[in-house]
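Contents: one structure, followed by commentary.
Keep in mind that what you see is a predicted model, and the values were worked out from it rather than measured. Side chains included, hydrogens not; waters and symmetry mates left out as well; all remaining heavy atoms used.
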Amino acid sequence: VSDTPDIVEPPKLPRFEVKKKGFKISPEKRRKYIVYFFFLCLVLPTIYTKHIKPKLIQQNVEKQKELREAIDKKDEVEVNERDKMLTYLLNQGKYLFDGSKYSEASEKFDQALKIDPQNEEAIAMKDKCESALALKREMDDQKKSEVLARERSHKITDLENQVMSSFNKGELTQTLALLQELEQLEPKNELVKRYIPIIRSKKNELSKKEAFSTKKKELIEERSKLAEKYYYDRNIYGAIVELKKVIVDGDLSPDAKKQL
């Protein structure tokens with residue numbers, strides 16, 4: 001007797017056989033189906049052509065019409081908005097032009113021409129603005145030149161008064177400086193022609209006198225010292241001669257007379 005247990009095999013399941021059943025059509029039904037098929041092949045195109053296709057075409061035409069109407073409405077709205085904007089810009093430009101604000105008016109007409117470059121009214125008003133601006137610039141330049149001429153005239157008058165005042169006071173250096181400033185503003189001024197030569201000649205005379213008086217003073221001082229030296233050296237005659245020369249040269253002080 002063996003010790004290994006007996007191996008039990010699993011039971012075998014029964015096999016089920018599936019029998020294929022064929023699709024059988026009788027000859028009569030087959031003929032009917034064939035007849036129906038050819039009938040449909042002949043009839044369906046006719047039905048599509050006469051009934052379905054016209055409806056599809058009509059629907060397509062209606063859709064295209066609706067789309068065209070929508071586009072036309074949109075274009076019409078855009079045209080109306082553009083016309084309104086153009087009218088607004090033209091009115092604003094005219095208002096600014098009437099108020100003599102030519103630069104702002106020109107900008108408005110430029111905007112209008114961007115919307116409608118062929119707008120005759122905007123072109124004409126733009127030309128008017130440019131003409132008005134050119135005329136205004138000319139007038140401004142003319143006014144500026146008039147103001148400058150007026151200021152120059154006032155300055156010349158003030159300088160002339162200062163020249164006469166300083167000349168009467170004897171302030172020759174100040175007078176000469178004022179005359180030179182006046183000459184730069186008006187080279188052909190009568191005061192310039194008349195007083196500059198006079199003042200220069202007077203200044204030359206004064207400088208000469210100052211130089212002469214300086215030399216004279218030095219000479220007088222030298223003779224006074226020499227006379228004093230002669231006096232202390234008991235050269236009385238020499239001291240008298242020198243003191244007489246001092247008095248003759250113009251030193252009329254009591255000291256020189258006393259010493260003499």
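- Remark: D127 engages I123, E130 in a side chain to side chain contact (heavy atoms under 4.5 Å, CB included) (not counting sequence neighbours).
- Dense packing is recorded around CD of E146, with more than 12 heavy atoms of other residues, nucleotides or ligands lying under 6.0 Å away.
- Between E151 and V147 there is a side-chain heavy-atom pair separated by less than 4.5 Å.
- Taking CD from E81 and CE from M85, the interatomic distance works out to 10.5 Å, rounded to the nearest 0.5 Å.
- A distance of 12.5 Å separates CD of Q59 from CD of Q64, quoted to the nearest 0.5 Å.
- Sorted by first and then second residue, the side chain to side chain donor-acceptor pair (under 3.5 Å) pairs with a member in residues 152-169 read E160-N189, S166-T175; sequence neighbours excluded.
- From T46, atom OG1 reaches atom CD1 of I52 across 11.0 Å, with rounding to the nearest 0.5 Å.
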Q: Any chance you could lay out the side chain to side chain contact (heavy atoms under 4.5 Å, CB included) test for E183 and L179, step after step, and finish with the verdict?
A: CA-CA 6 Å; E183 187 179 13; L179 284 170; over 6 Å; no
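- Going from atom CG of N119 over to atom CG of L113 covers 7.0 Å, rounded to the nearest 0.5 Å.
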Donor-acceptor pairs under 3.5 Å, side chain of residues 88-96 to any protein atom, not counting sequence neighbours: which ones?
from: N91; atom 1: ND2; to: T87; atom 2: O; distance (Å): 3.1
from: K94; atom 1: NZ; to: E121; atom 2: OE2; distance (Å): 2.1

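- Residue D141 holds its CG atom at 8.0 Å from CD of E138, rounded to the nearest 0.5 Å.
- Y232 is connected to I240 through a chain of hydrophobic side-chain contacts under 4.5 Å among Ile, Leu, Val, Met, Phe, Trp and Tyr, so both are in one cluster.
- Legend: ring pair (Phe, Tyr, Trp, His ring centres under 6.0 Å) pairs involving residues 100-149, not counting sequence neighbours, sorted by first then second residue: F97-Y102.
- Qualifying side-chain hydrogen bond (donor to acceptor under 3.5 Å, both in side chains) partners for D110, counting only residues two or more places apart in sequence or in other chains: K126.
- For Q58, the side chain to side chain contact (heavy atoms under 4.5 Å, CB included) test picks out E62, with sequence neighbours left out.
- Here the CD atom belonging to Q111 is positioned 10.5 Å from the OG atom belonging to S106, to the nearest 0.5 angstrom.
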